[in-house]
Amino acid sequence: MFRRPVLQVFHKFVRHESEVASSLVLERSLNRVQLLGRVGQDPVMRQVEGKNPVTIFSLATNEMWKSGDNEAYQMGDVSQKTTWHRISVFRPGLRDVAYQYVKKGSRIYVEGKVDYGEYMDKNNVRRQATTIIAGKLMITAVLFYSRPSLKTWLCYK
């Protein structure tokens with residue numbers, strides 16, 4: 001009962017060497033990130049010469065866990081770690097919505113992919129950067145209900 005669905009999922013994402021042809025078929029892969037957190041700074045729109053503009057902002061996610069081995073723990077035994085993510089929005093409609101409606105402190109959901117890149121800083125030192133390329137944004141807490149047009153942009157992909 002359980003074996004058949006697992007095999008179907010396995011065959012969907014993993015390809016193996018064909019028995020008919022001796023050539024190797026490329027396997028599928030997945031690069032997907034889902035984040036829910038608070039915006040750390042107002043979005044900034046940047047444009048490099050000859051390239052499309054991009055909207056960039058930071059997003060904080062929190063991880064909480066119990067400290068110690070006590071089963072009867074108190075509130076003081078909870079630890080928390082905040083991780084900051086750099087979010088880049090390239091898609092034309094989505095980047096404009098992010099720039100206009102996402103604000104510092106907003107609670108948003110971001111779905112996208114991880115991108116690793118390198119750049120040269122001001123001192124000509126090579127730096128590595130990890131960025132989340134957003135493909136979907138959802139504003140989960142809206143403070144301005146007086147804007148009727150905002151309701152249509154709560155979920156944009």
Side-chain angles (χ1 to χ4, degrees), residues 5-18 22-69 73 75-144 150 152-157:
V6 170
L7 287 176
Q8 289 174 347
V9 171
F10 181 76
H11 285 296
K12 184 176 180 180
F13 288 104
V14 179
R15 301 279 178 125
H16 50 80
E17 189 173 348
S18 174
S22 62
S23 64
L24 183 65
V25 177
L26 293 177
E27 65 185 20
R28 294 182 187 183
S29 61
L30 182 65
N31 179 358
R32 187 162 122 190
V33 176
Q34 296 174 321
L35 299 171
L36 177 64
R38 294 226 178 246
V39 177
Q41 66 182 19
D42 285 340
V44 176
M45 179 131 6
R46 294 188 183 158
Q47 184 169 6
V48 180
E49 290 182 30
K51 294 190 177 182
N52 291 330
V54 59
T55 298
I56 300 169
F57 60 93
S58 60
L59 184 72
T61 56
N62 296 317
E63 180 181 354
M64 298 174 67
W65 66 91
K66 290 190 305 184
S67 303
D69 296 329
Y73 68 95
M75 289 301 289
D77 294 340
V78 176
S79 298
Q80 178 177 330
K81 176 186 174 189
T82 301
T83 304
W84 288 95
H85 309 275
R86 178 184 168 105
I87 311 296
S88 297
V89 188
F90 289 97
R91 287 185 39 210
L94 189 59
R95 81 169 163 244
D96 298 333
V97 168
Y99 183 71
Q100 186 174 4
Y101 293 111
V102 173
K103 300 297 178 203
K104 179 179 180 177
S106 298
R107 186 167 169 85
I108 65 168
Y109 168 81
V110 176
E111 190 173 298
K113 63 181 181 177
V114 178
D115 183 53
Y116 300 99
E118 292 183 350
Y119 66 96
M120 299 295 275
D121 68 3
K122 297 174 186 175
N123 301 324
N124 283 336
V125 176
R126 180 178 282 163
R127 301 279 185 184
Q128 294 183 343
T130 303
T131 304
I132 307 300
I133 308 295
K136 180 179 181 180
L137 292 176
M138 277 194 270
I139 303 170
T140 59
V142 179
L143 301 176
F144 304 104
L150 183 59
T152 61
W153 296 106
L154 288 179
C155 178
Y156 191 86
K157 40 179 169 171

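The first residue of the sequence shown is numbered 1, and numbering continues consecutively from there. The figures that follow rest on heavy atoms only: side chains count, while hydrogens, waters and symmetry mates do not.
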query = Which distance, rounded to the nearest 0.5 Å, do you find between the CD of Q100 and the CE of M45?
reply = 9.5 Å
query = Can you check whether G135's main-chain N or O pairs, donor with acceptor, with R91's side chain at less than 3.5 Å?
reply = yes
query = Which heavy atom in K103 sits nearest to a heavy atom in V39, and how many Å separate them?
reply = O-CB, 3.5 Å
Heavy-atom side-chain contact between L36 and M138 under 4.5 Å = no
message = When you compare the side chains of Q128 and Y116, does any donor N or O come within less than 3.5 Å of an acceptor on the partner?
response = no
key: Chi angles and distances behind the side-chain contact (heavy atoms from CB on, under 4.5 Å) call for F57, K104   = CA-CA 9 Å; F57 60 93; K104 179 179 180 177; over 6 Å; no
request  = Grab the two heavy atoms, one from S58 and one from W84, that are nearest each other, plus how far apart they are.
outcome  = OG-CZ3, 3.8 Å
query = For atom OH of Y99, is the number of surrounding heavy atoms from other residues, nucleotides or ligands below 6.0 Å larger than 12?
reply = no
task = Flag the pair V102 / V89 as yes when at least one side-chain heavy-atom distance between them is below 4.5 Å, and no otherwise.
result = no
query = About how many Å separate CD of Q41 and CD1 of I56, when rounded to the nearest 0.5 Å?
reply = 9.0 Å
query = Can you tell if the side chain of R126 reaches within under 4.5 Å of the side chain of M120, non-hydrogen atoms only?
reply = yes
message = Between N31 (side chain only) and V114 (backbone N and O only), is there a donor and an acceptor less than 3.5 Å apart?
response = yes
query = So, do V33 and H85 sit near enough that their side-chain heavy atoms are less than 4.5 Å apart?
reply = no
remark   = For P43 and A98 the tightest heavy-atom approach is CG-O, 3.4 Å
remark   = Taken to the nearest 0.5 Å, the spacing of L59 CG from R38 CZ works out to 10.5 Å
query = To the nearest 0.5 Å, what is the distance between OG1 (T82) and CE (M64)?
reply = 10.0 Å
key: Distance in Å, T55 OG1 paired with D96 CG, rounded so as to fall on 0.5 Å steps   = 6.5 Å
ask   = Is there a donor-acceptor pair closer than 3.5 Å between any side-chain N or O of N123 and the backbone N or O of V125?
value = no
inquiry  = Please check: side-chain N/O of R95 versus main-chain N/O of F90, any donor-acceptor pairing under 3.5 Å?
reply    = yes
remark   = Output for pair (E111 CD, L137 CG), nearest 0.5 Å, gives 10.0 Å
key: Closest approach of S88 to V54 (non-hydrogen atoms, all atoms of both residues)   = CB-CG2, 4.0 Å
